[in-house]
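Have a look at the structure below before the remarks.
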Amino acid sequence: MSFEALGLMPRLLQAVAEQGYSTPTPIQAQAIPAILDGRDVMGGAQTGTGKTAAFALPVLQILNQKGRSKSRCPRCLVLAPTRELAAQVGEFTATYGKNLTLRSTVVFGGVGINPQIDKLKRGVDILVATPGRLLDHVGQGTVSLSDVEILILDEADRMLDMGFIHDIKRVLKLLPNQRQNLLFSATYSDEIKRLADKLLDNPAMIEVARRNTAAEKVSQVVHPVGLKAKRVLLAQLIKDGNWERALVFTRTKHGANRLATYLEKNGIGAAAIHGNKSQTARTRALAEFKAGKVKILVATDIAARGLDIDKLPYVVNFDLPNVAEDYIHRIGRTGRAGCSGNAISLVSADEQKLLRPIERLLGKQIPIEIIDGFEQNQADKDEETFVDFRRSGKKSGGFSRSRSGGASRRSNGPSNRTAHAHR
Ligand code: AMP
């Protein structure tokens, strides 16, 4: 299967070839012809599957065939949950459309509104937006959505998770009834199904990864470790493994800051991104990370949503996420576009309860590997949580799961101390 066979025009094929894409990804192979046919699409695809090109290429072709917008108002609206994803979709759209005369722009919050107003005034064919800032523009009368012919909800599940449903409903009321709708979501909750039922008319149902399936090429491992020893273990893994680049997830913004500072103090270039940082700081940190100026990017789930980082060999769950689906999203950042990836989870005993729903969602157990010197019970001895557990008489302590094959551990010297962790 080639891009030519999908019915794309030469100027788009040229842009695709310049990106080095030789064959369409499965979502592209299925979605591009359906969208070119004018159909609504329900796309079940994670980031990393090539879904942006799957919608951007046919949309560019459709709009190009119709010519530039005379009203200067957008004819295609892409809604995305986060600033980073919106920026990324905007960049890809501009790249794929570089040989066309269509105009695209991106609007999101956290940055000045005036430059966005100037761009909107000049006229735009494709508008990529986060819901809140889009509604600000609508409120100020700086954009009209009455000419939108194609609506795309990207990472719709994330938008719902982030509480954007009311904003989305407000936006839908501002759009013409007659339009093509494309909805992309990595997971199918009942809420997503309800939204899809309302929005989509006889959609082409395209699902490329099995529901909630983690990227197949990602090898996953759990390192049991005491809470306080986590950062030491992380620094050791980075140094021993000569890691060039890793994305590390923490549960809290504060935790992200603290960890980045610790790594920096230990000679490992690190930056943190989270919702409390200004957009300029987030953009700078991401740019430095992508350019290889800092090795480690420490992020919270929201800040990292949709991030597309080329050749990211490691994703680390410094804390396990509270919501099992977030684990899938996190590890989906590695192993992208055909590269292999590693997802490493540093799990303290009090996080074991979070591991079970994740494994249920994955449909398999994640191998456990104990790193010598970081045996959990040993490290947890002075930790408050465990003292409390023990006092209350509840069963707790180290990793209590027994599993076939047992846990492996680093083989640099026998360590009898690890044995008790598996009872
Ligand atoms: P996405 O799922 O849209 O976030 O895209 C993930 C990554 O895959 C991006 O870095 C794209 O540049 C890359 N990509 C998209 N389509 C292809 C393709 N057909 N062949 C190779 N890489 C691709």
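Because only heavy atoms are used, hydrogens play no part in the values below, and waters and symmetry mates are left out as well, while side chains stay in. What you see is a predicted model; the values in this text were computed from it and never measured. Atoms within each ligand, like the ligands themselves, are counted from 1 in listed order.
With hydrogens and angles left out, the side-chain atoms of R158 and H329 include a donor and acceptor closer than 3.5 Å. Side-chain contact check for Q220 and Y327: at least one donor-acceptor pair (N or O, by modelled atom type) lies under 3.5 Å. Side-chain contact, T187 with D157: a donor N or O sits under 3.5 Å from an acceptor N or O. R83 and Q279 form a side-chain donor-acceptor contact under 3.5 Å, judged by distance and modelled atom types alone.
Note on ligand 1: T23 sits in its first shell, one or more heavy atoms being nearer than 4.0 Å.
For R245 and Y314, the positive end is not near the middle of the six-membered ring at less than 6.0 Å and at most 45° from its axis.
The only option from R103, R72, K119 that meets the salt bridge (Lys or Arg N to Asp or Glu O under 4.0 Å) definition with D125 turns out to be R103.
Residue Q28 places at least one N or O, backbone or side chain, under 3.5 Å from an N or O of ligand 1. Of the polar atoms of F3, none of the N or O atoms is found under 3.5 Å from an N or O of ligand 1, judged by distance alone. Between Q88 and ligand 1, no N or O atom pair is found at a separation short of 3.5 Å. Between Y96 and ligand 1, not a single N/O pair is under 3.5 Å apart.
In this structure, F318 has its ring center no closer than 6.0 Å to that of F249.
Which parts of ligand 1 touch K51 is read off a 4.0 Å heavy-atom cut-off, strictly below it: atoms 1 (P), 2 (O), 3 (O). Close approach of ligand 1 to T52 is summarised as follows: ligand atoms under 4.0 Å from at least one heavy atom of the residue are 1 (P), 3 (O), 4 (O). Under a 4.0 Å criterion applied to the non-hydrogen atoms of T49, ligand 1 contributes the atoms 2 (O). Of all atoms in ligand 1, numbered sequentially from 1 with element shown, those under 4.0 Å from a heavy atom of F92 are 9 (C), 10 (O), 11 (C), 12 (O).
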